[in-house]
Amino acid sequence: MASRPTTPSGSAYRPPKPQRILACVLCQQRKVKCDRKFPCNHCVKARVQCVPAQQMPRRRKRPTEQALTERLRQYEELLRRNNIAVETTDDMDVEGTSADVEGQGLRSTGQTHLDGVAQVPDGQPAGAEVVKSEYQTLGEVKNFWDAMHQRPPDSHDVTEEANVDNNFGNPTFDDLSEPVIIKVWGRVYDSDHNHLFGDSKIDVPLSTLHPSHVQIFRLWQIYSDNINPLLKVTHAPTLQARILDAAVDVAGISRELEALMFSIYCATIITLSEDDCHAMLGDSKPKLLRKYQNACHQALINCGFLRSRERDCLTAFFLYLVSLRPDTHPHTLSPMFAIAFRIAYRMNIANEASNVKHGVFEAEMRRRLWWAMVAYDSRISEMTDYKTTQLIPTWDCKIPVNVNDFDLRPEMTTRPTDQEASTEALFAIVRGAIGNYVRHNALHLDFINPMLKHVAKATQHVFDPYDDDLNGLENIIENRHLKYCNLENPLHYMTIWWARNHLAKYRFFLHCSQHSRSPDHQSTVQRDAILSYAFRMLECDTALMSSPLTKGYHWLIQFHFPFPAYVRIVQDLRSRPVGAHADKAWEIMNANYTVRFVDMEPSANILFKMFASTVLQAWAARHAALFGQDGAESARRMIVDIKKKLGQPSPPIATADDAVPPVQGGMSMLPPSEVQVFPSIGQDSVNYLDPSLAELNTDLFEMDWGNVDWNAMSRMGWP
DNA sequence: TACATCGGACGATCAAGAAC
DNA sequence: TTCTTGATCGTCCGATGTAG
C-alpha cells in the first residue's frame with residue numbers, strides 16, 4: 001500500500017479543501033435547494049438579484065460559569081438521589097474552583113465567583129474591563145445622583161439599568177439613581193406627545209407598510225452596497241440575520257427594529273435612480289420616499305425616539321435624517337441633527353469612559369454611530385452655520401477600529417486590533433482620522449469658538465496621534481490607510497479620492513483662515529497656494545463623480561459639491577484672467593463641470609444662474625484680456641453648455657473691438673493696475689455677454705443667501 | 001396546479017479541549 | 001500534532017398554505 005504524501009515537516013499531506021459554495025441568500029431564506037449557479041434557477045424565476053451567501057464565522061457560545069455550575073449541581077443532585085456520596089461545589093475551596101475555571105479561560109478577573117463569568121465586576125458586559133485599560137480618556141462626566149449618594153461613578157449604569165425593574169415598585173430615596181429617575185419620569189409622562197413630529201398620519205398598522213419579502217432583501221443588499229460602507233452605523237452580519245428573521249414576521253418585530261428597517265428603506269431609496277425604483281419597487285422615487293419616510297416617522301414616534309436610549313433607535317433617526325437631506329433645506333435639517341446630538345449626548349456615546357462599559361461590540365458600534373453623525377453634521381454645518389459643527393475637541397470618543405464586520409462579534413471580550421490591511425471600515429477610519437485632526441486644529445476652531453483652542457491644546461496629546469501637522473496626517477493616511485488600496489475596488493477608490501479631496505479642502509480652509517485678507521492683498525505665492533488646493537479639490541471631485549465605481553456613492557458625493565473651490569478659482573480668474581494658471585483653471589473647471597452639470601436638465605433656477613453668472617464673469621475677463629483670441633477649447637465647451645442651459649445663444653466669437661468696451665465702474669475685485677491692462681473687465685463686459693444675468697452680477701460673498709432655493713441647491717449638493 | 005413558506009431532521013464544519 | 005467532542009451552521013425534504 002502506497003504511503004500518503006507528506007509535508008516537509010513529515011506530517012501527512014492534506015490537499016487544501018475546496019472552498020465551500022453556499023446556497024444563495026434567497027434559497028437559504030426560502031429553504032429550497034439551490035443549484036449554486038449564480039444566478040440560480042430560483043432567482044432567475046423570481047427575477048431577483050442572485051446573491052451568493054457569505055459564510056458566517058463560527059460563534060461558539062461558551063457555557064457561562066453560572067450554567068456550568070448549575071449543570072454540575074444537577075449531576076450532584078442525581079448522584080445524591082442515587083445514594084452516591086459527593087463533595088458538593090458549595091463545599092469546595094473557593095480558590096481552587098476559581099483557578100480551575102480560569103484555566104479554562106472562563107474568567108477575566110478573580111473577583112466574582114459564581115454569578116456570571118461573562119460579567120466583569122459591577123455587572124459590566126463582557127470585555128468592558130479589558131477595553132477600559134486600553135484607553136486614556138478625559139474621564140467620565142460626574143453623575144449628579146451618584147454625587148448625591150456618594151457612590152463611585154461605576155457603581156450604577158448597566159447594572160442598575162438592568163435591575164431597575166426589580167426595585168421599581170416602590171423606590172425609596174436610597175434607590176434613587178439615574179436609571180430609576182428615568183423610569184419614574186417615564187411613568188409620570190407616560191402619554192407625552194411628540195410635539196415636534198405631530199400626530200400620526202398613518203391609519204394602518206405599520207407592519208402592512210413593509211415592502212414584500214423579496215423587496216426587503218433587495219433593499220438590504222443595496223443598503224449594504226451603497227450606504228453601509230460609507231456610514232458604517234450598522235453591523236451587517238448581525239443586522240442581516242435580524243432583518244431576514246423580521247421579514248418573515250414583520251408584525252412581530254420590536255419597535256426599534258421596525259424604525260431601523262424603515263430608515264434603511266428610506267436611506268436606500270435615495271441612492272436609487274428613478275428607473276431603479278420603478279423596476280425594483282414598482283413606483284416612483286418620490287412616492288416611495290414619501291411612503292417609507294412617513295412610516296419611519298411613525299415608527300420613530302412609536303419607539304419614543306426622543307427619550308429612547310436605544311442605539312438602534314438613534315441609528316434609525318440618523319438614517320431617517322440622511323434620507324431627508326436631498327429634499328430638505330439645510331437650515332431645517334441642522335436643528336433636527338441637533339436633536340440627534342442631544343439624544344447621543346444623553347446616551348453618553350461621545351464619552352469613552354461610558355462606551356467601554358457597554359462591552360467591546362456595543363462600544364464599537366456607539367463609536368461608529370457617533371463618528372458618522374459628526375461627519376454628516378459637519379457637512380450640514382458647512383452649508384448653514386459653521387459654528388454649530390460637532391467637530392470640536394470637547395469629547396473623547398475614539399475613532400472606530402479598523403476591522404471587517406465579521407471580526408467584530410457581540411460576544412467578544414477584547415477589542416480587536418487595528419488591521420494593517422484595508423477593511424470594510426476603511427472609509428470610516430480615514431474619515432475619522434481626518435476629523436480627529438480637524439477638531440483639534442486651532443485654525444479650524446477659529447471659525448467655531450476660539451475659546452475651544454485651550455481645550456484642544458489640553459487634550460491633543462491624549463487623542464491625536466497625528467501631531468499638529470497636516471503633512472504628517474497626509475503621510476499617515478497615504479502610507480498606512482491608502483497603501484493597501486486597490487483602485488478597482490469601489491470603496492477603496494472612493495476612500496482614496498475622498499481623503500485627498502478632504503485633505504486639500506482642509507488645507508484650503510486653513511489657508512483661508514490664516515490669510516483672510518482679500519485675495520488682491522495676498523502675495524502671488526499665497527494666491528497660487530490656495531489656488532492649487534482649489535484645483536486639487538475639483539480634480540478629486542471629478543475623479544469621484546466620473547468613475548462608474550462610485551455610482552452607488554453619488555448620494556454622498558453630490559452632497560459635497562466643491563463650491564468654495566469654484567468661488568476661489570473664479571475670484572482669481574477675474575483678477576488674473578490669463579496665464580498658465582488660468583488655462584489650467586479652465587481645464588479643471590470644465591472637467592468638473594462636465595461630470596457635475598452637463599447631464600443636468602436645463603434649469604431656470606437661480607442657483608444655476610448664480611453659478612453661471614460667476615463663471616461667465618471670469619470668462620468675460622479672459623475673453624477681454626485676450627481680445628477674443630482664445631484658444632481654450634475646453635473652457636469654450638463649458639461656456640457653450642452654460643449658455644445653452646440658460647436659454648441664451650452661444651457666446652459670440654468676440655472681436656477685439658467687442659472686447660474693449662469703455663470701463664464704467666469696473667469690478668471691485670480688480671486691482672487698479674489690472675484694470676488698466678484689461679480695461680474691459682468690468683460689470684458691463686459681463687452684461688455684454690449675457691444681459692439676462694445683470695441682476696445676478698453680484699459677488700457671491702455679498703449676495704442675499706436667504707432668498708436661495710435651498711431645496712434645489714441641496715439636491716445638487718450645494719454649496 | 002403552481003408556487004411560497006417554513007418546521008425540523010440531518011449532515012458538515014470547526015473551535016476548543018484532551019490525549020499522545 | 002492529532003483526535004474527539006459537541007455546538008453551530010447550512011441544506012433541503014416535504015407538509016402546508018395560498019393564489020389564480
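Here is how names work: the chains are called A, B, and so on, in the same order as the sequence lines, proteins then strands, and each is numbered from 1.
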**Study point:** With sequence neighbours excluded, residues passing ring-ring contact (aromatic ring centres under 6.0 Å, His included) with A:W371
**Key:**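 Residues passing ring-ring contact (aromatic ring centres under 6.0 Å, His included) with A:W371: A:W395.
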Check your understanding: Under the ring-ring contact (aromatic ring centres under 6.0 Å, His included) test, which residues partner A:Y265, sequence neighbours left out?
Key ->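 With neighbours one apart ignored, the set is A:H210, A:F262, A:Y292.
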**Study point:** Student check: side-chain heavy atoms of A:N355 and A:W370 closer than 4.5 Å
**Key:**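 They are not in side-chain contact.
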Between [N] ([atom2]) and [X] ([atom1]): distance, integer Å:
X: A:Q28; N: C:dT8; atom1: CD; atom2: C1'; answer: 14 Å
X: A:I21; N: B:dT13; atom1: CD1; atom2: C1'; answer: 16 Å
X: A:N41; N: B:dA2; atom1: CG; atom2: P; answer: 16 Å
X: A:L244; N: C:dC9; atom1: CG; atom2: P; answer: 14 Å
X: A:L26; N: C:dC12; atom1: CG; atom2: C1'; answer: 14 Å
X: A:L22; N: B:dG11; atom1: CG; atom2: C1'; answer: 14 Å

Review point. Does A:W555 use its side chain to pair, donor to acceptor, with the backbone of A:N226 at less than 3.5 Å?
Key: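 Present.
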Check your understanding: Just how large is the angle between the end axes of the helix from B:dT1-C:dA19 to B:dA19-C:dT1, five pairs per end, to 10 degrees?
Key ->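 Nearest ten degrees gives 10° for this helix.
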Check your understanding: Taking protein heavy atoms under 4.0 Å as touching, what does nucleotides 3-9 of chain B look like 5' to 3' if B marks base contact, S marks sugar-phosphate-only contact and - marks none?
Key -> -SBBBB-
Exercise for review: List in chain and number order the residues that pass side-chain contact (heavy atoms from CB on, under 4.5 Å) with A:S284, two or more places apart in sequence or in another chain; answer none if no residue qualifies.
Suggested key: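 By the side-chain contact (heavy atoms from CB on, under 4.5 Å) rule, A:S284 matches A:E274, A:H278, A:P286, A:K287.
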Review point. Listed by chain and number, what are the side-chain contact (heavy atoms from CB on, under 4.5 Å) partners of A:S224, not counting sequence neighbours?
Key: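 Once residues adjacent in sequence are excluded, the partners of A:S224 under the side-chain contact (heavy atoms from CB on, under 4.5 Å) criterion are A:W220.
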Point to revise | Member of A:M261, A:E258, A:R242 meeting the side-chain contact (heavy atoms from CB on, under 4.5 Å) criterion with A:D312 | key: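 So the option named by the test is A:R242.
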Check your understanding: Checking all strands, does A:C27 fall into the base, sugar-phosphate, or nothing category for heavy-atom contacts under 4.0 angstrom?
Key ->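 No contact.
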Practice item. Inspect the contact between A:D276 and A:K285 and indicate whether a charged nitrogen and a carboxylate oxygen are less than 4.0 angstrom apart. Key: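 No, A:K285 and A:D276 are not salt-bridged.
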